[in-house]
Amino acid sequence: MSTPILEVDGLRKHFPIRKGLLLREVGQVKAVDGVSFAVQPGETLGLVGESGCGKSTLGRTLVRLYEPSSGTIRYRGEDFLAVSGERLRTMRRSLQMIFQDPFASLDPRMTIARILAEPFKVHDICSARECQERAAALLETVGLKAAHLNRYPHEFSGGQRQRISIARAIALNPDLVIADEPVSALDVSIQAQILNLMKDLQQEFALTYIFISHDLSVIDHFCDRIAVMYLGKIIEMAPREELFGNPKHPYTQALIDAIPKVGQGKRRMKQALTGEVPSPINPPSGCHFHPRCPQRFEGCDRGFPALREERRDHFVACKLYSDAVDDDVIARSTGLRSTGT
């Protein structure tokens, strides 16, 4: 296996809660709470989970739009959190981001020509004339026309604006692009066009993607490997075919069971979830999912289970698969005959 392009170890991002006249810290929102993973060059890693699980915060922390509370991020073997100044600016050329709402991420006062030329000016790459030429080429690369350069963002449809956002993200020839829900605000037919465009660009420019979404159907179509997040932590990670064919964690099973299936009529969920997602301010003790888990047993409320390799390249954080748990306890509590079922 090649050297990972990105390595994340124990990454945390906690937001302080301040109250009172002196704004004393009275608590923390544990948006990202001890996340570790690696991304190989050329692959697409999907981050999936319910709203509020921390996946968007994780994406922004990876490019240092948010500074992490603790942990490490290594880009091509170099400590990304240790750099600053000119070195940080240089490295950021290789790590770009596509945001969920293209209308909010594009300055409404700037023409498309200025928006696409801005990365070249910030990094002092070319002259003003060359910037315009490169901006025109970028528009054509994402399926728009150079004649659109003098228009403003409000003059485009949502799909066209997202194409412009993608053009801006690839302007500096990055190695890694983090896409935060890039198609969730678009119609289904437009979603397919944008996903196909991103796949074509990945092949043409040798891009590596971290693709964030709450939609497992989109993740299944687009990603090579998938990490499932719940309340700030990764609870399962596996290649796409393995995750959908043999999900281990009860939460992952419930997410997959909830995917609508055309032609199958009304389906009964195999894993029915109850209750609301707990608050990241005060997450449950032990496994954060245990209050909603249909397979919980005594001991799930004590100590968060480590993310361990259950099968080749298939990692799961669940006490059903912990060697330290007695099989008889699981069977008595859940009705399962063994930890492997």
Side-chain angles (χ1 to χ4, degrees), residues 5 41-42 44 59-60 62-65 75 86 88-212 218 221-222:
I5 189 172
T44 301
R60 290 168 179 259
L62 292 177
V63 294
R64 290 182 63 179
L65 291 179
Y75 172 72
E86 187 62 31
L88 175 59
R89 190 171 76 151
T90 300
M91 290 184 70
R92 274 184 166 156
R93 291 174 56 176
S94 300
L95 291 89
Q96 294 293 315
M97 193 160 184
I98 302 170
F99 296 94
Q100 177 177 356
D101 185 354
F103 193 69
S105 63
L106 299 175
D107 191 330
R109 300 166 299 178
M110 296 173 64
T111 63
I112 304 308
R114 287 184 61 194
I115 289 172
L116 295 183
E118 190 173 30
F120 305 123
K121 293 180 179 179
V122 168
H123 292 275
D124 195 22
I125 291 176
C126 54
S127 65
R129 181 174 180 178
E130 288 176 312
C131 286
Q132 293 298 306
E133 293 174 352
R134 292 194 182 197
L138 281 171
L139 271 188
E140 294 176 352
T141 299
V142 298
L144 297 177
K145 297 179 180 179
H148 295 154
L149 280 173
N150 293 323
R151 295 184 182 180
Y152 290 86
H154 72 271
E155 299 180 75
F156 295 88
S157 67
Q160 290 174 323
R161 285 196 289 265
Q162 196 61 289
R163 288 175 183 268
I164 295 167
S165 296
I166 293 171
R168 181 178 59 182
I170 65 171
L172 299 175
N173 295 318
D175 295 325
L176 175 65
V177 174
I178 299 171
D180 182 13
E181 302 264 17
V183 298
S184 64
L186 307 177
D187 294 338
V188 174
S189 59
I190 305 302
Q191 286 184 12
Q193 295 176 20
I194 297 299
L195 292 175
N196 290 335
L197 170 64
M198 291 179 67
K199 280 193 170 184
D200 292 342
L201 294 175
Q202 185 174 32
Q203 294 295 321
E204 183 176 354
F205 296 103
L207 296 173
T208 301
Y209 286 131
I210 295 178
F211 189 90
I212 299 168
V218 172
H221 171 73
F222 192 73

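For the single chain, residues carry numbers from 1 onward in sequence order. Remember, it's a predicted structure, so these values are computed and weren't measured experimentally.
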Supply the atom-to-atom distance [X] [atom1] to [Y] [atom2], rounded to the nearest 0.5 angstrom.
| X | Y | atom1 | atom2 | result |
| --- | --- | --- | --- | --- |
| Gln162 | Leu106 | CD | CG | 8.0 Å |
| Leu149 | Glu133 | CG | CD | 11.0 Å |
| Leu195 | Phe222 | CG | CZ | 6.0 Å |
| Leu144 | Ile164 | CG | CD1 | 6.0 Å |
| Asp180 | Met97 | CG | CE | 4.5 Å |
| Ile98 | Ser105 | CD1 | OG | 9.5 Å |

Please name the pair of heavy atoms, one in [X] and one in [Y], separated by the smallest distance, quoted to 0.1 Å.
| X | Y | result |
| --- | --- | --- |
| Pro182 | Phe211 | CG-CE1, 3.4 Å |
| Ala113 | Gln132 | CB-OE1, 3.5 Å |
| Gly158 | Pro102 | O-CG, 3.9 Å |
| Ala117 | Ala135 | N-CB, 4.5 Å |
| Met91 | Tyr75 | CE-CD2, 3.8 Å |

Would you say the side chain of [Y] lies within less than 4.5 Å of the side chain of [X], judging by non-hydrogen atoms?
| X | Y | result |
| --- | --- | --- |
| Ile115 | Pro153 | yes |
| Lys199 | His221 | yes |
| Arg89 | Arg92 | no |
| Phe205 | Val177 | no |
| Thr141 | Leu201 | yes |
| Tyr152 | Thr111 | yes |
| Arg114 | Asp107 | no |

[X] side chain to [Y] main-chain N or O, any donor-acceptor pair under 3.5 Å?
| X | Y | result |
| --- | --- | --- |
| Tyr209 | Met198 | yes |
| Arg163 | Val142 | yes |
| Gln202 | Leu207 | yes |
| Glu181 | Gln100 | no |
| Gln191 | Ser184 | no |

Check against side chain to side chain contact (heavy atoms under 4.5 Å, CB included), Arg134 and Ile125
CA-CA 11 Å; Arg134 292 194 182 197; Ile125 291 176; 3.5 Å; yes
Before you tell me yes or no, could you show the steps for Ile178 and Ile212 under side chain to side chain contact (heavy atoms under 4.5 Å, CB included), namely the whole-Å CA-CA distance, both residues' side-chain angles and the distance that decides it to 0.1 Å?
CA-CA 8 Å; Ile178 299 171; Ile212 299 168; 4.1 Å; yes
Where do Lys121 and Glu118 land on the side chain to side chain contact (heavy atoms under 4.5 Å, CB included) test, with the steps shown first?
CA-CA 5 Å; Lys121 293 180 179 179; Glu118 190 173 30; 5.6 Å; no
Which residue is it: Val122, Asn173, Leu172, Asp175? I am looking for the one with a side chain to side chain contact (heavy atoms under 4.5 Å, CB included) to Arg93.
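Exactly one option meets the side chain to side chain contact (heavy atoms under 4.5 Å, CB included) with Arg93, and it is Leu172.
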Let me see the working for Ile112 and His148 under side chain to side chain contact (heavy atoms under 4.5 Å, CB included), right down to the final yes or no.
CA-CA 7 Å; Ile112 304 308; His148 295 154; 5.8 Å; no
